[in-house]
Amino acid sequence: MIRLSAGRRHPISSPRIAVAVALLIVGGHTVPATGSREPAEPAPVTLRLAMAADPDSLDPHRSSASMTEQIMLNVFDGLLNPTPDGGVEPGIAESYTISPDGLTYTFTLRPEVYFHSGNPVTTEDVVFTINRLRGADGGPALSSEFDDVEEIEAPDSRTVVIRLARPNSSFEKFLYRAIVPAGYYRQAEKPIGAGPYRFVEYMPQNRIVLERFDRYYGETGDVDRVIVRIIGDREARLLALRAGELDLADVPTDRLGEVEGQFRIVTALANSVFILGMNNARAPFNDPRVRQAISHAIDREEIIDFVFDGYGVELGSSMSPAMPEFFDEGLVGTHKPDLDAAQQLLEEAGYPDGFPVELRISGHSPIYTNTAQVIQQQLARVGIRTRIQVIEWSMWLSDVYTNRDFQMTLIDFTGKLDPYPVLRRYISDFRRNFLNYENEAYDEIMERALRSPDPETRARLYMQAQEILAIEVPAVFIADYQFIWAMDGRFSGYTPYPLFFHDVRKLRYAPE
Amino acid sequence: MMRSNPNLSIGLAIVGLLALLALASLVYTPHDINEMHREHRLEGPSSRFWLGTDNFGRDVFSRVMHGGRTAFFVGSTAVAIGLVVGTLIGAIAGYAGAWVDEAFMRVMDGLLAFPGLIMALMVIAIAGPGTFNTALAIGVMSVPTISRIARSGFIQLKSMDFVQAARTIGVRPVAIMVRHILPNVVSSLVVAASVAFAAAILSEAGLSYLGLGVQPPTPSWGRMLREAQGHFLRSPWSTLAPGLAITLMVLGFYMISNGVRDALDVRGHHL
Amino acid sequence: MSSTYLIRRLFSLATTLAVVALATFLAFEVIPGDPVLTMLGPDADPSLVAAMREELGTDLPLTARLANWVAGVLTGDLGTSIRYARPVGSLILDRVAVSLSVALLAMTAVVLVAIPLGIALAVRRSHWSEPFVATIIQVGMAIPSFWLGIILISVFGLSLGLFPTGGYVPFGAGLFASIRSVTLPAIAIAIPLIAVVVRYTRNSMIDQFSQDYVRTAFSKGFPVRHVVYRHVLRNAALPVITVLGMIFGNVVVGTIIIEQVFALPGLGLLLVTAVSARDFPLIQGLVLYITFFVTLFNLLVDLAYHVIDPRVELT
């Protein structure tokens, strides 16, 4: 039994009693509320972490922000679940097979999987989910990832068969999308999934609360309760962490010194591709020599030093080393910093004295404003006179990203589990090819890679595609930076993923 | 009135000093304001960098000097816009009275209550971001206050004997407003203008702090504050310098406005 | 007070609201940005974008949206926030508590500190201290409150650990903790305002001292105390109340930058978020709310004038 000081009472809302006895020794902020003669309840372990923005939607099928996924992947399970090395593993599906022609996917559901509502997950729910996503439930399609699905059926109570109209090698990686209860349309208000944590409450610009789901089929960790505080300002997040108000938060690279020693530091590549985008349809960027000259003029290492304090890796093409299967290290340094080479390429292209250019960036992250100022200095060395124009994020999304009205811009694309969506951005007729890059050979390679059922052929094709990008420079591929997470020392086992995911289930808790 | 006026002299001294620094930056700064020093990031004051360096290793003192230029430019442009438009509206509303007055003043009330943030965004959306457009947004926001001051002056004066007299002998309204009334309102407009100048500098700092004002890498004290805020503990200097600069500049203009008022005020006892 | 005056003022309040609401609507016709794109970000699935646009009716023409909104407002429904998928009214109400507690704390400090100080400075005037006091007051007015906020956080939040560095603790989680969470922002807001109010109070008192009636009272030998409290204060209160009313009207609707610096989820921060998310229903609701309060406080100030000094004409 634990003796408690009167001033440190915290209510327990979770009725869990059977937590490991080891947790009885309480530390810090997690103290049981009882002070009476009743047997002491084990202290619930609360993880308090920070999130930089409100979720775009709690409905997993109506959300596309990686920030949201970072938290809500704890609430939902898919047929398959993501793995830390960028693959997928069986989730709600206990096992699955893909036919040799790549057209038929057969899933066997795991028995005894429950939704947070208490209902078991059935084939009906799986069919409902896929149909909802592809717009076959009477509503509009919510995801184009399922466009290739021709038919879905459940031949028996544990089997689901999905047939594709044509092979799609990315399809497997899409199957981590949340499985939701059939006929339940209130996910945005009260999300119900089958993941290890159930949703408790959400207060906009304040917090999200999750609690461990006791009937989760898999192993759950030590954390009983998750409080996600929504703190938009990164300064405020860091201050809250240092003041002991948070257990887990991101730390700007230049502030690492303030938390080292006091916290457990986890670093991981963000699996993002940070680019200096150029409008390939507009002069002078329609000339590859100009783009190559700029690539030579940019000193990536200097940017990494100034903006990420060295916590980043240089890129040579549109792929992060966080995707080892598809990353080609040989492409890094295709265009080394070389002012003479840059100058010569500019002369060949007819711009011996450089040219004025406008760099339109979004002001929502200091990464962009900082990098822009470094790039301005670097480009000035070859006579390219950059005018920086900072606009709001929503203006950037509509003017630059959608209407393609820009000369140069900076953007950091977050990673995906599959290389196709990462490289698709440069396909000529892709609607989000906002850089207006056009290359038939590239388009063809990408199409073949997408339709190829053979993993090795596919990997080889994706490498070829990257090589084209490295040489042609539709954008200067600058860097993938590292995330730095500072975690209270009582927690351990943080597992980084190549997508945004705080996997709470894997965390261990040991009081000091 | 030639008695000693400490407010006016101190205020003019502060503003004069800052103006001198800003003017000097046209021809000389200790360092290039945009030159980055990778090995000297966030350093404290030294003989080489008098006020230390920022997160790019740029010289804070040089940037504060140049920031003064930005502040004077934004302040004077905004005040000019506010004065011209505000006085015009105030004069018309005050002189004409009746429904004209009512209509103008309702619009001014609306403008006064309209969030400055949206106003600034609108100006940026129409005219694009930049230093001049920041000044434009701030100038528009100062119109309601100035127009109210002008209006009350015009209302007061239009019933005065000399105005009535001018009117009866057939002087045209525009001439009455410009020749007879305006000179008598000028003193209160001067006070209002120096207060508006101080307010403009605070607004610029605020907008730039929110990332909506002056564009990088042009130094503005508000932007410098925003960029330095994250490094306060490691390098308090980079926050203190622009913060102090803003405070001094605003203080200078407040003192001038009080000094001017003292000079015009017979009783001369106001703080 | 004539009721026609009141009716006229209320009518003009309504006009102002209508003007501002319309201006906001038109403003976002000019300002680029799309709520659905902004919410879903660069990785938005095209199918999802299309589905949500359809659902939210953001594709409707301006007149239809305006008509819908006006119809809603007239029936007391401010609509549903796009970003938060919740009623705008309840989102605003949630934030009022935050902004209001900062405002009340700041105003309490202003009234308790500034008015006695202003009176004291007016009653006991000495030549040697005056320039000194004047300078302090003017420095106080000149300090940008957000810079003050940054310094307060660093010193009292971080170095001394006396106050939280940011965020808001609701009343429900303990009154003391709640007040503590808004103390630093309230101080940051209050200091420049204290300087303003001290100055107004003092100057207004001194103006009264030079009035004939006060001189007469003094010359007739009335005690200073009596003159000050019976007559001067009452008359000097007018300009002070004006200033207090205007300040309160501005503070109560939230302070964008201070809320940003202290990560306080108040009305100011909500407006910033709403604007950057292009959450039109929320923006409209907030602007309406803010305008209403600012204008209402101006009206109340004018009425207070009349109550304190019935000689003041209500025109």
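If you're wondering where the values come from, they're calculated on a predicted model, not measured in any experiment. Proteins come first, then strands; the chains are lettered A, B, ... in the order of their sequence lines, and each starts at number 1.
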Determine, step by step, whether B:R58 and A:Q373 satisfy the side-chain contact (heavy atoms from CB on, under 4.5 Å) criterion, reporting the C-alpha distance in whole Å, the side-chain angles of both residues, the deciding distance to 0.1 Å, and the verdict. CA-CA 11 Å; B:R58 297 179 297 203; A:Q373 296 183 59; 2.6 Å; yes
Of the backbone (N, CA, C, O) and the side chain (C-beta and beyond), which part of B:E227 lies under 4.5 Å from a heavy atom of chain A, both, or neither? side chain
Does B:R41 pair with A:D309 as a salt bridge, N-O distance under 4.0 Å? yes
Considering residues, nucleotides and ligands other than A:W485, do more than 12 of their heavy atoms fall under 6.0 Å from its CH2? yes
Can you tell me how far the CZ atom of B:R38 sits from the CD atom of A:E302, to the nearest 0.5 Å? 4.5 Å
At a 4.5 Å cut-off on heavy atoms, which part of A:R360 comes close to chain B: side chain, backbone, both, or neither? neither
Counting heavy-atom pairs closer than 4.5 Å to chain B, which one of A:N370, A:L238, A:D399 comes out on top? A:N370
Interchain contact, A:Q377 with chain B, by part (heavy-atom threshold 4.5 Å): side chain
Residue selection (most heavy-atom pairs with chain B, distance under 4.5 Å) from A:I391, A:T369, A:L239, A:D305: A:D305
For B:N55 and A:F306: C-alpha separation, side-chain torsions, deciding distance, then whether side-chain contact (heavy atoms from CB on, under 4.5 Å) applies. CA-CA 8 Å; B:N55 57 329; A:F306 269 128; over 6 Å; no
So A:V390 and B:P216, do their side chains get closer than 4.5 Å, heavy atoms only? yes
Region of A:D254 in contact with chain B, defined by heavy-atom distances below 4.5 Å: both
Rounded to the nearest 0.5 Å, what's the gap from CE on B:M36 to CD on A:Q376? Could you check? 7.5 Å
